[in-house]
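The structure appears right after this line, and notes come after that.
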Protein chains: 2
Amino acid sequence: MKRNTWQREAVREALDHTEGFVSAQGLHSTLHATGSPIGLATVYRALADLAAAGDADSLQSPEGESLYRACSTNDHHHHLICRNCGLTVEIEADAVETWAKNVAAQNGFTQAAHVVDVFGLCAACTLASAAAAEPAPTPAS
Amino acid sequence: MKRNTWQREAVREALDHTEGFVSAQGLHSTLHATGSPIGLATVYRALADLAAAGDADSLQSPEGESLYRACSTNDHHHHLICRNCGLTVEIEADAVETWAKNVAAQNGFTQAAHVVDVFGLCAACTLASAAAAEPAPTPAS
DNA sequence: TCGCTTTTGACAATCATTATCAATAGCCGT
DNA sequence: ACGGCTATTGATAATGATTGTCAAAAGCGA
């Protein structure tokens, strides 16, 4: 049976109050900062439960950490993430959803889950990056 | 300066001869199996170099490991991967390519890279899984 | 309220990956 | 072809995130 503990509530709430993605460790830090003496392992477990229950979305940062985000809507959507500043834009992808389902079905696959995320440089970072590249275009020794 | 070592060649070749994705560790094992006394750290480095040079693609499995695949063709395609037996089916996704590009552009993003992979259970594993689930469908206590 | 069961939490274990650093081997200029 | 400088290698330790362990504490039903 699933019991109702303040710890789980705390994690859920902390996640709700977070915009963008947080790592389990980050969320743990946040919770500690707000005074909760919650344990790290518990945060991991709560996060995993939340994700399993569909109340949270999880993805992996390019660095390999698992990031979580509150799933405010039932709508399944994906993200466009700036690899430099972390800006996250929610994108709808009905076309992709359908495509993924079809592709899986056509190949006899079931329980299809898809990883669809677009990483890039947002407008601001594109400019910054271009500017940073200017000063030292000479790799000569 | 970039030197040319047999180790790097070995990694590149091993990757070329591998269909689907391999983890760095897996590739290391494969290399050892073929007799190369190459070191694990070196495999990681070579793989990272290859990826940085655009000669290899990398993605992360749902379990958090980094998987690599040879970028043998200019054709950009994606994969449908069986999460149970590892069967990999190459899939074309022109529609997705276009979609990803558009979405990125619409949000001012540049250098868009997308991670589009579908994980699921292949037909065979679906059957096996269903069979395994049969014996105990009653969760009652 | 009582008792059983789940959950917690501190810590150890695990796993992939990266850093370290001395020894080796490539490459360049002579 | 040779010497020397320096990138690369590789064994191992370090790191860092995540998961397992297990006794103690708390929640929920009776």
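Convention: sequence-line order gives letters A, B, ...; per-chain numbering from 1.
Across the interface with DNA chain C, nearest-nucleotide mapping of B:T5 and B:A24 shows B:A24 to be the residue nearer the 5′ end. Between B:L40 and B:K2, it is B:K2 whose nearest contact on DNA chain D lies nearer the 5' terminus.
Taking atom CD1 of residue B:I38 and atom P of nucleotide C:dA25, one finds them 15 Å apart after rounding to whole Å. Rounded to an integer number of Å, the gap from CD of A:E9 to C1' of D:dA26 is 15 Å. Atom-to-atom, CZ of A:R3 to C1' of D:dA25 comes out at 11 Å; the value is rounded to the nearest Å. Between A:H32 atom NE2 and C:dA10 atom C1' the separation is 11 Å, expressed in whole Å. Atoms OH (A:Y44) and P (D:dT21) sit 18 Å apart, rounded to a whole Å. The distance from atom OH of B:Y68 to atom P of C:dA16 is 13 Å, rounded to the nearest whole Å. If you take CD of A:E65 and P of D:dA17, they are 6 Å apart, rounded to a whole angstrom. For B:R8 and D:dG10, the CZ to C1' distance is 14 Å, given to the nearest whole Å.
Two residues are said to be in side-chain contact when any heavy atoms from C-beta on lie closer than 4.5 Å; B:N4 and B:E9 meet this criterion. Within the 4.5 Å cutoff, the side chain of A:V11 has heavy atoms near those of the A:I38 side chain. Side chains of B:L15 and B:Y68 form a contact here, defined as non-hydrogen atoms less than 4.5 Å apart.
Phosphate proximity of C:dG9 to A:T42: present, with a side-chain N or O under 4.0 Å from OP1 or OP2.
At the heavy-atom level, B:S23 lies nowhere under 4.0 Å from the strands shown. As judged by a 4.0 angstrom heavy-atom cut-off over every strand, B:Q7 is placed among residues touching the sugar-phosphate backbone only.
For A:R45 against D:dG20, a side-chain-to-base donor-acceptor contact under 3.5 Å is absent.
Side-chain atoms of B:H28 do not come within 3.5 Å of backbone N or O of B:Y44 as any donor-acceptor pair.
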task = Take B:K2 and B:D49 through the test side-chain contact (heavy atoms from CB on, under 4.5 Å) and record every step on the way to the result.
result = CA-CA 10 Å; B:K2 205 67 139 191; B:D49 283 351; 3.6 Å; yes
